[in-house]
A.B. asks: 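I'd like to ask you about the structure that follows.
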There are 2 protein chains.
Amino acid sequence: MASRKTASKKRAPARKRSARSAPTRSAATKKPARARKGKFVYDFSEGNRNMKDLLGGKGANLAEMTNIGLPVPPGFTITTEACRAYMQTGDVPDGLLGETERHLKALEREMGRKLGDPDDPLLVSVRSGAKFSMPGMMDTVLNLGLNDQSVHGLARQAKNDRFAFDSYRRFIQMFGRIVMGAPGDKFEEAIDQVKALRNVQADTDLTAIDLKELVEEFRRIVKEETGREFPQDPREQMRYAIRAVFDSWNGDRARLYRKQEKISDDLGTAVNIVAMVFGNLGDDSGTGVAFTRNPATGEKGLYGDYLPNAQGEDVVAGIRNTLPLQELERINAKAFKQLLKIMSTLERHYRDMCDIEFTIERGKLWMLQTRVGKRTAAAAVKIAVDMVGERLIDRTEAIRRVTPEQVDQLLHPQVDENARDLKEIGKGMNASPGAAVGVAVFDSDRAEARANAGEKVILVRRETNPDDLNGMIAAQGILTSRGGKTSHAAVVARGMGKPCVCGADALDVDLSARRFSAGDVVVNEGDLISIDGTTGKVFLGEVPLKEPEVSGEFATILEWADKVRRLKVRANADTPEDARRAREFGAQGIGLARTEHMFLGDRRPLVEKLILAATEADEQAALDALLPLQREDFYGILAAMDGLPVTIRLLDPPLHEFLPDLVELSKEVAVAGRKVDPARVQVLRAVERLHEQNPMLGMRGVRLGMMKPGLYNMQVRAIMEAACRLKGEGKNPGVEIMIPLVGIEEEIRRSRAEADRVAREVIKETKVKVKYLIGTMIEVPRATTIADKIAEHAEFFSFGTNDLTQMTFGFSRDDVAKILDVYVTHGLLKVDPFTTLDREGVGSLMRLAVEKGRAVRPSLHLGICGEHGGDPSSVEFCHELGLDYVSASPFRVPIARLAAAHAALGSVEAASK
Amino acid sequence: MASRKTASKKRAPARKRSARSAPTRSAATKKPARARKGKFVYDFSEGNRNMKDLLGGKGANLAEMTNIGLPVPPGFTITTEACRAYMQTGDVPDGLLGETERHLKALEREMGRKLGDPDDPLLVSVRSGAKFSMPGMMDTVLNLGLNDQSVHGLARQAKNDRFAFDSYRRFIQMFGRIVMGAPGDKFEEAIDQVKALRNVQADTDLTAIDLKELVEEFRRIVKEETGREFPQDPREQMRYAIRAVFDSWNGDRARLYRKQEKISDDLGTAVNIVAMVFGNLGDDSGTGVAFTRNPATGEKGLYGDYLPNAQGEDVVAGIRNTLPLQELERINAKAFKQLLKIMSTLERHYRDMCDIEFTIERGKLWMLQTRVGKRTAAAAVKIAVDMVGERLIDRTEAIRRVTPEQVDQLLHPQVDENARDLKEIGKGMNASPGAAVGVAVFDSDRAEARANAGEKVILVRRETNPDDLNGMIAAQGILTSRGGKTSHAAVVARGMGKPCVCGADALDVDLSARRFSAGDVVVNEGDLISIDGTTGKVFLGEVPLKEPEVSGEFATILEWADKVRRLKVRANADTPEDARRAREFGAQGIGLARTEHMFLGDRRPLVEKLILAATEADEQAALDALLPLQREDFYGILAAMDGLPVTIRLLDPPLHEFLPDLVELSKEVAVAGRKVDPARVQVLRAVERLHEQNPMLGMRGVRLGMMKPGLYNMQVRAIMEAACRLKGEGKNPGVEIMIPLVGIEEEIRRSRAEADRVAREVIKETKVKVKYLIGTMIEVPRATTIADKIAEHAEFFSFGTNDLTQMTFGFSRDDVAKILDVYVTHGLLKVDPFTTLDREGVGSLMRLAVEKGRAVRPSLHLGICGEHGGDPSSVEFCHELGLDYVSASPFRVPIARLAAAHAALGSVEAASK
């Protein structure tokens with residue numbers, strides 16, 4: 001933090017003050033303005049970028065740009081607080097309309113035009129803008145202020161009848177659909193009818209007269225479809241538009257997007273009312289979108305799209321193919337130069353990569369939006385590391401800039417370019433990196449349905465729009481034939497971290513026939529394809545994938561993270577291979593080596609013998625046969641992790657999991673009738689005997705150890721024999737024996753004593769002294785309440801948060817997936833507690849266990865080995881709880897390393913969402 | 001308490017001081033002596049009856065009798081503390097032997113005889129005696145001090161060679177078996193051989209010479225079987241005997257008995273060393289056992305057995321048929337009169353019914369033991385109420401004197417004497433009341449096996465001994481053909497509260513043939529019989545039983561209890577019949593009316609329709625059909641409980657419980673093959689769809705309400721329509737709607753809001769205003785951690801401790817019965833947590849919920865509706881927690897009433913076990 005402040009101060013004198021606004025203060029010294037009670041509207045000059053909570057991202061950044069002197073059309077922002085009040089009461093809060101009116105009057109004064117003025121009307125846009133960017137998910141109304149009179153004033157002022165009436169028909173269309181709820185296709189049909197009548201192809205071929213007629217027709221459609229007249233009073237237009245933007249916060253798309261992005265439903269959106277500038281006034285006008293660095297790779301250099309003679313939404317919508325931003329230099333060198341300078345200013349001001357939207361109106365550049373740009377994981381890492389090199393930020397800030405979710409993306413498999421027989425069938429823009437394999441599906445609803453049925457799907461579209469969100473969420477990756485790097489598909493896919501290839505214009509996509517052709521190759525819906533978002537390539541069939549590596553800037557940032565984190569990171573691994581991989585990914589030990597996998601495969605017959613044993617002698621014989629095999633298992637893992645701790649859990653699952661399924665076997669025996677094999681009947685009887693109503697709460701874990709002590713003794717012996725052998729070979733095995741499912745003091749007291757006895761026996765026999773720890777999983781709620789008693793017999797606790805969550809909630813993971821989905825969708829739960837630790841319930845029990853355990857045994861070693869160990873928010877909680885380590889699956893180890901660093905840095909951004 | 005003290009003080013002056021001991025103080029003013037550190041041995045004059053913890057029951061009462069001047073043979077007691085030290089270290093504690101020696105010397109001085117003296121030896125008994133009476137479960141050694149020399153001295157002093165050598169051979173036999181571990185049957189075989197040689201039948205026919213030879217033979221057996229010589233040194237004999245008594249605390253029988261009686265394994269036993277007196281010195285000697293009132297019925301009057309010329313153990317063992325105690329008047333009028341006086345003294349002194357053991361040695365009466373006598377439930381109630389009438393105790397004391405377990409016994413069914421066709425086949429003593437029906441079994445091991453296999457069993461024996469304990473525990477009732485009212489069978493059965501008929505000497509029991517005959521009726525093992533322990537009658541076949549009533553003294557004591565308790569008592573009842581019965585038993589409302597039973601029987605087809613509904617319309621149709629039926633259900637229950645609260649739980653179990661079993665249906669469909677009924681396949685698909693891995697943790701409770709809101713709405717509507725109708729009819733329904741399985745705040749917030757909405761709708765429709773409460777069960781561990789949040793939406797909490805115990809322990813009740821049995825048997829758990837609330841784990845979560853809930857809503861109404869609501873220890877805990885009520889099954893309502901009174905009186909005796 002200290003170095004960040006210093007860096008800001010250094011650069012402050014270099015920054016120019018705006019001619020137009022109050023003196024700018026640097027971001028680091030500027031305090032966020034407090035929301036003034038009862039104040040619902042802020043002029044752009046009143047806000048700053050730290051006020052996203054109140055003004056939304058768009059409003060806060062428009063204010064920031066205004067205040068650092070960039071050319072922003074004047075305007076003001078209605079706060080998210082007003083939206084929240086509206087959501088609560090269903091009505092706009094008292095005073096809002098009066099305040100809006102006062103700000104509008106001031107805007108009219110500043111612009112020297114009046115809203116709805118018949119001679120020289122002020123037009124405004126009414127734009128949504130929440131704290132977190134939700135591209136295209138909420139509504140915006142452009143050209144507000146036009147009516148039957150003012151359209152003529154606009155025409156006179158612009159000296160362009162066609163422009164004025166095109167703007168008016170666009171306004172009625174947009175307002176009619178969004179604000180008044182008229183069906184959008186009615187308007188489209190009307191346009192098609194006029195075009196047919198005039199026998200023209202493009203909208204641009206329609207004349208001012210045609211458009212004036214369309215305006216009449218649109219007003220008729222509005223009346224017919226909504227029962228209300230299109231409002232002529234611009235004040236009334238504005239009041240309706242504000243409500244419509246508020247309402248769009250709770251639209252289906254917006255809700256789905258928030259669920260996907262884990263954004264709280266309570267935040268609400270701000271509303272930005274901005275004087276209109278027009279990019280569609282002719283060839284000296286235009287509109288564009290740009291990033292200050294490449295958001296896909298993080299490389300420096302210009303990255304953007306420009307569309308001459310167009311309004312802003314056209315770029316994002318991907319409807320027309322755009323020009324690369326570089327072309328602007330040729331079209332308008334002055335504006336281009338100014339744009340480059342502004343982009344540089346913004347990057348230095350925000351000390352980060354920014355994205356911008358701008359419009360050029362008759363040669364003059366206007367900034368319509370900026371924000372810290374969304375980027376791929378690779379770009380995030382590269383930009384963060386580069387900016388440290390450029391002394392824009394320090395290492396701490398660089399660590400903060402990379403999210404654990406981005407690390408997750410970097411660990412997704414990549415196309416193995418060295419593989420043979422790659423059938424490349426096309427290439428588009430590498431909009432969002434990573435490889436995806438799936439069947440091509442040409443419609444989002446079908447994509448969702450097929451994904452729900454278990455298929456892997458690639459969504460193929462000409463372009464995507466917000467209605468495709470469900471399909472994009474369901475798909476492994478997205479492929480479009482149109483649209484640039486800033487198109488909807490590209491932006492949303494990057495946001496989701498999904499591979500995306502866009503604008504692959506060699507592909508001829510035929511949506512109605514559900515197929516695309518690429519040269520002479522035809523891909524029908526259901527055919528398997530692969531895309532590589534890192535290179536932009538499209539392949540026929542399934543391509544071979546290779547495992548990701550931790551190298552380059554990625555390795556750098558993780559090394560920086562290692563230096564700041566306090567939590568150690570271990571891996572859950574059951575085999576030597578997994579252990580080696582975990583070690584490569586930076587694991588500092590194994591937090592959970594499950595032994596149940598070692599009872600499967602070719603050992604099944606032995607395990608079956610063990611379970612079916614009629615006498616103690618039979619049982620012992622089966623155990624004796626298993627001992628050398630288990631010893632090899634443990635030898636391999638301990639060797640792979642030489643010098644690091646390895647927590648081995650004694651057998652946990654119920655024994656019937658190793659036998660055939662009850663229903664299937666019952667059917668088999670019933671159908672066989674009198675011809676049945678007696679051996680199968682014997683197995684069926686055992687399955688029936690061992691069958692449990694609720695196996696999760698039955699004979700497993702330490703209960704197994706208590707009821708069949710020979711089993712745990714065999715495992716402990718195998719572990720210790722392996723460890724002693726390694727030690728004898730000059731290695732340094734780190735043995736930790738973990739007893740699962742303890743809920744009663746005597747369970748751990750006795751099983752610990754027994755394990756100690758066997759361990760000492762082996763040490764005596766082998767004459768090799770190996771140190772070992774004995775501990776327990778804390779996974780039964782009762783264990784948390786008697787953790788003090790348990791700690792008397794355990795050297796470590798490992799929180800088994802999968803089971804602890806199951807039992808604390810009373811949720812069987814196998815059974816409640818559907819319930820959880822409904823609960824999260826409908827807001828009964830904010831997150832799935834099996835993904836992110838439930839701090840309130842499960843977490844409070846963990847805290848109790850930590851306090852009670854450490855009170856009795858201050859040296860108690862504490863970790864977590866549930867799947868939460870790889871979840872960033874849960875890692876943060878483990879840090880707060882004071883655990884010693886988290887343990888995650890090998891591929892999540894790097895995520896946990898970064899998350900642990902974030903936790904140590906006190907990054908709470910994720911939690912505040 | 002106050003009146004108790006007064007009563008004691010009043011009587012104090014009337015009591016005579018003992019000539020032999022220090023002045024006696026009344027029990028009420030006498031403070032229990034603190035155990036002096038390092039003091040392991042107490043002379044009888046040093047102890048008193050309040051020192052049971054330290055001296056055991058026998059030792060404390062021998063001290064008490066000594067101190068009030070009764071004729072007790074002198075002796076001393078080694079403390080339970082010494083035993084506990086022995087159990088911990090495996091060796092007697094430092095100083096014990098020296099202290100014992102000093103006390104032995106003092107005893108020798110007092111008696112004027114020395115242990116092992118060849119001319120006039122002192123003999124002692126070494127008797128076990130724990131805090132709680134464990135009749136026959138631990139070991140005792142009589143006649144200690146005899147050896148090859150002193151036996152001659154004894155003969156000379158007693159002027160009876162035969163007596164002396166009989167005593168010696170008994171001593172070797174007892175010592176050899178108990179202390180040295182020689183098998184008992186070897187001695188029996190030796191006796192049989194001598195008898196065969198001499199051609200005599202009875203032991204008493206053996207001469208002094210025969211017995212002397214037997215002594216030689218017994219010593220040989222000891223040497224051969226144990227490898228050690230029988231010790232001649234009386235000091236050594238004593239040291240071994242003390243250890244043997246300590247060891248017997250952990251004998252199998254003792255452990256089993258303690259498990260049955262819920263006595264802690266940690267207490268240990270004291271050892272009493274008492275100068276021997278002899279009841280077998282001829283016809284002017286004898287031994288007896290007596291109660292100061294009838295322990296079976298509680299009626300006043302003499303109750304006991306006398307056996308002339310016998311040692312004490314013979315009476316209890318039931319080997320010889322005893323004389324009624326009344327006969328003693330004829331045999332020794334003076335001793336009889338003295339005995340009556342002592343019994344009266346003891347009853348006034350202990351202010352309770354006492355049992356005693358005495359011996360008459362050559363006409364002189366000696367008291368060998370007294371204690372507050374075990375009694376049947378009926379006797380406990382009658383004695384308590386009678387003693388209040390006699391002003392011996394006050395009402396508070398009377399309430400304390402009846403245990404909730406005894407109330408349980410009183411609620412067992414009785415033989416319906418008015419029934420026709422009762423086939424009475426015999427009559428014995430009504431040793432322990434109540435009716436029992438089962439198959440006759442003639443061996444305890446077989447009785448246990450058949451009971452474990454699910455049969456109801458009556459154990460039939462000539463007489464029982466401590467080895468029959470497992471069979472007695474397994475049996476419904478006990479029938480013997482020999483032994484009096486104080487025989488082993490009678491005493492143990494009364495202690496267990498099991499029906500017992502003993503000494504039914506008209507029955508000819510043939511153990512080897514496994515049958516008994518009664519006149520011309522022969523009952524073989526496996527035949528069904530009934531016994532009535534209240535009347536002593538034995539019946540062929542199964543007799544009709546009638547429900548118990550709460551009347552007479554029983555009703556009186558419960559009314560007294562009602563006046564002192566704070567906890568209210570409700571019942572768990574699902575039908576109007578159960579509700580009415582609960583009301584008769586004193587329930588103050590219904591704490592849990594389950595609705596799932598209402599979905600069975602002839603409503604199954606409707607419920608099946610509901611579950612299989614393909615459309616919402618189908619579902620609604622099924623709900624509409626259920627509504628009027630449910631309305632009638634609730635009308636009936638609310639009417640039966642008019643004026644009292646009724647907590648109705650909305651549907652809880654998973655829906656698949658209402659469909660056929662998956663395995664059976666799968667087999668049916670598989671076997672049917674192509675001939676299968678398509679409707680069955682449809683049902684199978686639904687069963688498969690609804691199947692859950694762990695239904696306990698699946699789609700049930702409020703989750704059902706969230707996923708199928710129509711179901712809960714229908715139930716709420718039915719409840720409110722029923723209540724409004726009742727209110728319209730002038731009744732006063734007490735509606736409490738309970739939402740089960742809440743673990744998440746939103747679940748209760750939303751379901752509560754929905755229930756409120758429906759309830760208000762019904763009130764509006766019917767124009768009848770009915771008050772209602774809405775609350776939740778606290779049964780998911782997480783609910784306890786967020787009880788403050790839940791309390792914001794709930795007017796009451798009802799602890800569902802069945803589920804809370806399941807989830808807190810991670811124990812599925814259906815699956816862990818075997819594990820729990822092993823855990824309790826082997827001391828991993830002290831009690832089954834499904835029977836008695838686990839205060840440490842589950843209880844700590846309950847406490848958390850109470851504190852959090854009341855902090856937010858001080859008026860929060862709190863109850864418990866798990867099966868623990870009828871368990872006395874759990875009721876006590878609920879009282880301590882500050883709950884408002886407990887709810888138990890109807891037949892446990894009287895138990896809960898008394899337990900609640902005990903809790904209010906601060907009775908902690910049960911907890912201290």
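Per chain, numbering begins at 1; letters A, B, ... match sequence-line order. Just so you know, these numbers use all the heavy atoms, side chains as well, and skip hydrogens, waters and symmetry mates.
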A.B. asks: For a 4.5 angstrom cut-off between non-hydrogen side-chain atoms, does M777(A) reach V742(A)?
C.D. replies: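 Contact flag for M777(A)/V742(A) side chains = no.
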A.B. asks: Who wins among M707(A), R813(A), R750(A) for the most heavy-atom pairs under 4.5 Å with chain B?
C.D. replies: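 The answer is R750(A).
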A.B. asks: Among D814(B), V671(B), L845(B), I744(B), single out the residue with the greatest number of heavy-atom pairs under 4.5 Å to chain A.
C.D. replies: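 Top option by heavy-atom pairs under 4.5 Å: I744(B).
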A.B. asks: Tell me, out of D803(B), I819(B), V816(B), who's got the most heavy-atom pairs with chain A below 4.5 Å.
C.D. replies: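 Most heavy-atom pairs under 4.5 Å with chain A: I819(B).
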A.B. asks: Is it true that the side chains of S264(A) and K830(A) contain a donor and an acceptor less than 3.5 Å apart?
C.D. replies: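 Their side chains do not contain a donor-acceptor pair, so the 3.5 Å distance test is not met.
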A.B. asks: Does the distance from a Lys or Arg side-chain N to an Asp or Glu carboxylate O, for D265(B) and R255(B), drop under 4.0 Å?
C.D. replies: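 Judged by the 4.0 Å cut-off on N to carboxylate O distance, D265(B) and R255(B) do form a salt bridge.
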A.B. asks: Between G810(A), G698(A), G841(A), G701(A), which residue shows the highest count of heavy-atom pairs closer than 4.5 Å to chain B?
C.D. replies: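 With the most close heavy-atom pairs to chain B, the winner is G810(A).
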A.B. asks: Is D821(A) salt-bridged to K259(A), cutoff N-O under 4.0 Å?
C.D. replies: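 Salt bridge present between D821(A) and K259(A).
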A.B. asks: Pick whichever of M699(B), E747(B), Q806(B) has the most heavy-atom pairs under 4.5 Å with chain A.
C.D. replies: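 Most heavy-atom pairs within the cutoff with chain A belong to E747(B).
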A.B. asks: Donor-acceptor check, side chain of R752(A) to backbone of H793(A), threshold 3.5 angstrom: yes or no?
C.D. replies: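 Side chain of R752(A) to backbone of H793(A), a donor-acceptor pair under 3.5 Å: yes, one is there.
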A.B. asks: Would you mind telling me which of H826(A), M696(A), E779(A) has the largest number of heavy-atom pairs within less than 4.5 Å of chain B?
C.D. replies: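 Top count of heavy-atom pairs under 4.5 Å with chain B: M696(A).
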A.B. asks: Taking A670(A), S844(A), G673(A), A783(A) one by one, which has the highest count of heavy-atom pairs under 4.5 Å against chain B?
C.D. replies: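 Option with the greatest count: A670(A).
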A.B. asks: Please walk me through it: do D838(B) and R782(A) pass salt bridge (Lys or Arg N to Asp or Glu O under 4.0 Å)?
C.D. replies: CA-CA 10 Å; D838(B) 161 47; R782(A) 190 174 190 274; 2.7 Å; yes
A.B. asks: Report which part of I786(B) has an atom under 4.5 Å of a heavy atom belonging to chain A: side chain, backbone, both, or neither.
C.D. replies: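 Contact with chain A is through the side chain of I786(B) alone.
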A.B. asks: So which residue, T784(B), D815(B), V780(B), L848(B), ends up with the most heavy-atom pairs under 4.5 Å with chain A?
C.D. replies: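 Highest number of heavy-atom pairs under 4.5 Å: D815(B).
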A.B. asks: Consider only side-chain N and O atoms of N713(B) and E754(B), and report whether a donor and an acceptor are under 3.5 Å apart.
C.D. replies: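 Checked: N713(B)/E754(B) side chains pair up, N/O donor to acceptor below 3.5 Å.
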A.B. asks: Any sub-3.5 Å donor-acceptor pair from H868(B)'s side-chain atoms to P833(B)'s backbone N or O?
C.D. replies: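 Yes, H868(B) side chain to P833(B) backbone: donor-acceptor pair under 3.5 Å.
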A.B. asks: Between R703(A), E668(A), R700(A), E840(A), which has the largest tally of heavy atom pairs under 4.5 Å with chain B?
C.D. replies: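 Going by pairs under 4.5 Å, I would pick R703(A).
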A.B. asks: Which bit of K789(B) comes within less than 4.5 Å of chain A, counting heavy atoms only: side chain, backbone, both or neither?
C.D. replies: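 For K789(B), the contact with chain A is made by the side chain alone.
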A.B. asks: Would you mind checking which part of S666(B) comes under 4.5 Å of any heavy atom in chain A, side chain (CB onward), backbone (N, CA, C, O), both or neither?
C.D. replies: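 It is both, since atoms from each part get that close.
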A.B. asks: If we ignore angles and hydrogens, is there a donor and acceptor under 3.5 Å between the side chains of R839(B) and S873(B)?
C.D. replies: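 Yes, because at least one side-chain N or O of R839(B) sits under 3.5 Å from a partner of the opposite role on S873(B).
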A.B. asks: Between A672(A), G743(A), P695(A), which shows the greatest number of heavy-atom pairs under 4.5 Å with chain B?
C.D. replies: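 When all of A672(A), G743(A), P695(A) are compared, P695(A) has the most.
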